[in-house]
Structures are given as C-alpha cells and as structure tokens.
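Accompanying notes for the structure given below.
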Amino acid sequence: MAASLSTVAIARRALAGPAVALGLRGSGALLNIATFTLAARVMAPDEFGRLAMWFSALSFLAVAAVNGQDTFIARSWGEYCGRGDPATAIAAWRSGWRMTLVGAAVAAAALLGLGGSLTGLPDGTLRAAAAFLFMQTALHYSSGSSRVIAGFLVSESNREATWRVILILALGACALAGGVTAAGFFWLAAAGMAPAILLQLIAVRRALPAASSNRAVAEERGLWRARAGAMWASAVIEAAGQHADVMLIGFVASPVVAGDYFVAARIANIFLMLVSGLGAYVAAHGANLYFSGRVAELQNMFRAVVAAAVALAAPAYLMILLFGDAILSLFGERFAAIYPTLVVLASAAFVVAMCGLAPGVLLLTGLEALYSRIVAAATAARIALSAMLAIAFGATGAACGWAFVAAPVAVALVVLCRRRRGVDPSVYCLISPPGPLAGEMRESSLSRASAN
C-alpha cells in the first residue's frame, strides 16, 4: 500500500509541471486569439490584412535578431551547471544578453533605414514597428534565459500573459475612444513587453547561483559562436516557415486573403503553442538530464509531458472540427467562410503536436547542425508548395501546402530522436517507449554532443 501511494504521488508531481506549462501556454494562445479578434473587429479588412503581414514579418525578424541566443542559453546553462561549473554558465548568460541587444539594435536600425518608400509604411508606423521589433527580440532572450535560470513559471507567465493582457486592455480602451491603427497596435505591444522583461530580469538576478562570474572564458567563446550559429540557422528557417505563409499570400493574392489565412493560423497555432509550452518546461531540465547521463529520467519526463498534451489537445481538436465556423465568426461574420482552411491547418498542427518536442531534443543534445539541414530542406519545400497552391486555391491551398510537409517531417524527427538519442518525445512513447541506450552508446553520444 505504501509503495502504491508513493507511486501515485510521484506520478502527480511528474504531471504537475507539464500541466502548469500547458496552462500558461494555453492561456497565451487564448490571449493571442483575443488580441487579434479585437483588432479584426475594429479595423477594416484591408488594414487588418496589412497588420497581419507586418506582424508576421516583424515576428520573423525578431527571431533572426536574437542570434540564436535564446536556444543557446537553454543548452549551455544546463550543460555547464550539470558539470558543476556555474561561473561559465553565468558568463554564457551575460554574453547572450550582449549578442541579443546588439542584434535587436541592428535590426531596428535597419528597418528604420529602409524608410517608408521601401516598406510602404508611414513614418509613425515604421517607428512603432522598429520599437516592437527591438522589444520582441529582447523578450525572446529574456524568456529563454529566465526559463532555465528562474523556472518556466517566471518565463512563461510573462512571455505569454503579461504583455498580452496589457495590450488587450489598451486596445479595448483605444477601440472605445475611436479606433486602432497599426502604429498604435505596435506601440502598445512594445510597451507591454517592457514590464514582462523587467520582471524576468529581477527573477533571474535573484536566482543566479553563488559563483564568481569573472572567470576567463575566452576559449569558450568560439564554441559558443559555433553553437549559437547553428541554432540561429535552425530558428530562422523555422520562423520563415511559420511566418512566411502570411507574407507570401499577401504578395501572391491580397492583404485581405492574408488576413483570412492569418486568423485561421492563429487558431490552429493553439496546438503548436501547447507543444512549445511543454518545450519550455522540458528546456528548463532536459539538457541537464541528458548531459548528466540521466536519459531514463528524461524519457519519464517526456511521458508525463505527452500525457498532458493529449489530454488537452484532443478535446481542442474536436471542438475546432465541430464549432470551427462559430469560432471564426468571433473575428467577424465573413471569417466563417474560411472554415476549410482552419480544418486543414488544425489537423496538421494536431499531428505535429502529437509528435511532441523532437526539435527541442535535437537542438539541446548536440544535433543542432543536422536539424538545421533537415528543417531548411523542409521549409524550402513547404514555401514552394504553399506558393503554388495559394495561387491556384487561395488560403486553403496555402494551408494544404503547409500540412503536406509539416506533418511528415514531424514524424521523421521523432524517428531520428529514437535512433540517435534513445528518447521518444512523441505520443508513441506511451505505447512503445524506446529501449535504454547501452552504456557504450550513451557515452559515445554524450561525447559527440559535447564536441558539437
């Protein structure tokens, strides 16, 4: 009886972390939908479409400007602390902030340098877009670093909720006062991100381990640049695949069609945001477990994470299938017509969600270069297919192009994780968990990962 109660208690503790991560990321997804629901209702269709295109473009640029540092710190902090070297971990954190702020400043200055004649934006909107780009870049690194140092609760509550709540309240006030413009949207979003970053920084400074951060780490910097470079390439390619569809549809079709696709994608992204929320939880512990040789514990974590994902994603997918047109109507009556686009995107996103955290496993365990090559080829194929189908079939065609590539690639990454790292982050691990790596294979794997 005592053993049975102990097992139940352990299981509950294992599920508590993923459940909180899912709750935070799910709340962020709902707040994200609420934000654009409000914007779509108070803006003209053409203006909302241009907002969607520029929001996607700036979100992509922010991922590029962070220079891969948000993923780099997740691996480096876990690796150095796992080896009992917190001083080098702190140095890596400081280096990440320097690289991030330089990248954010350069990206914002470059956007302003293009001017209204090249971007097609009025000067006021261009300045607001540059501020949004700078703050979003900083938020990416602030969230990535606070996740592993201060915990995913600090990271995700501010990344997902703080700035969006501020934005929604401000948008509501502006709507009551007479309307919302793209410039106002970007200024308000940038202002909302400032307190989110500040709260994360305060929590990180309190959580830093007691260790001297003055150790000379010149010999590490070349390794850091190489790692961050591979992670940057993967992140940029992923971001291109995530945000290029909206921009592409705007060019080959119209801003109105881009806005329609954007709305469907925002709803379907609830599955991907759930997975990224679980990834935030795993990133706080995964690298440390892997580089400490505790692969069995890492797999147990994946089992708890996947169980929580299934429990939330399956009902959400069923709700979209049954009530998707009603959900779309919240943005405006005309959006109910894009129900087929939503079904295609949601179905593929659900498959990707069930494949779990394979990208995170590859990035955090030394296979970032291989992953960047795979995702580059997949993104190129997806963009080309989406473009061709969008020209012929509009938003639904673009959705099919995304689905036909994203789902098979997600399955292939799970197979790669099982074979190369001995862990399975997908729903399949609940049915058939991978066997433990042999001692020689594990040592070889860890040696290769440390060398990359």
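These numbers come from the heavy atoms of this one structure, side chains and all, not from hydrogens, waters or symmetry mates. Being a predicted model, the structure only gives us computed values, none of them experimental.
Separating the NE2 atom in His140 from the CE atom in Met193 is a distance of 7.5 Å, to the nearest 0.5 Å. Separation of atoms CG (Asn67) and OH (Tyr141) is listed at 11.5 Å; rounding is to 0.5 Å. Rounded to the nearest 0.5 angstrom, Ile267 CD1 and Leu330 CG are separated by 8.0 Å. Considering CG of Leu51 and CZ of Phe48, their distance stands at 6.5 Å, rounded to 0.5 Å. Note: Gln69 CD to Thr137 OG1 = 12.0 Å, rounded to the nearest 0.5 Å. In this structure, CZ on Arg303 lies 5.5 Å from CG on Leu430, to the nearest 0.5 angstrom.
Checking side-chain atoms of Asp424 against main-chain N and O of Ser426 turns up a donor-acceptor pair under 3.5 Å. A donor-acceptor contact shorter than 3.5 Å is absent between the side chain of Ser155 and the backbone of Gly151. Trp93 places no side-chain N or O within 3.5 Å of a backbone atom of Ala89 that could act as its donor or acceptor partner. In this structure, the side chain of Ser157 engages the main chain of Leu153 through a donor-acceptor pair within 3.5 Å. The closest donor-acceptor contact from the side chain of Ser146 to the backbone of Ser143 lies under 3.5 Å. Distance alone, capped at 3.5 Å, places no donor-acceptor pair between the Ser142 side chain and the Ala138 backbone.
Side-chain contact between Phe262 and Phe36: present, with at least one pair of heavy atoms (C-beta onward) separated by less than 4.5 Å. Counting heavy atoms from C-beta outward, Leu31 and Glu160 have side chains that stay 4.5 Å or more apart. When side chains are defined from C-beta on, Val423 does not count as touching Arg418, because their heavy atoms never get closer than 4.5 Å. At least one side-chain heavy atom of Leu413 sits less than 4.5 Å from a side-chain heavy atom of Pro359. Side-chain contact check for Ile338 versus Phe331: every heavy-atom pair is 4.5 Å or farther apart.
The shortest non-hydrogen separation linking Val414 to Ala358 is N-CB, 4.0 Å. Heavy atoms only, all atoms of each residue included: Ala203 and Val154 are closest at CB-CG1, 3.5 Å. Looking at every heavy atom in both residues, Ala407 comes nearest to Val351 through CB-CG1, 3.9 Å. Val306 approaches Cys429 most closely through the heavy-atom pair CG2-SG, 4.3 Å. The shortest heavy-atom contact between Gln136 and Leu58 is OE1-O, 3.7 Å. When all heavy atoms of Leu208 and Ile90 are compared, the pair lying nearest together is CD2-CG1, 4.4 Å.
Ring geometry for Phe350 against Phe271 counts as perpendicular: the plane angle is over 60°, on a 0 to 90° scale with 30° as the lower cut.
Checking each of Trp54, Phe55, Phe185 against Phe132 for a ring-ring contact (aromatic ring centres under 6.0 Å, His included) leaves exactly one that passes, namely Phe55.
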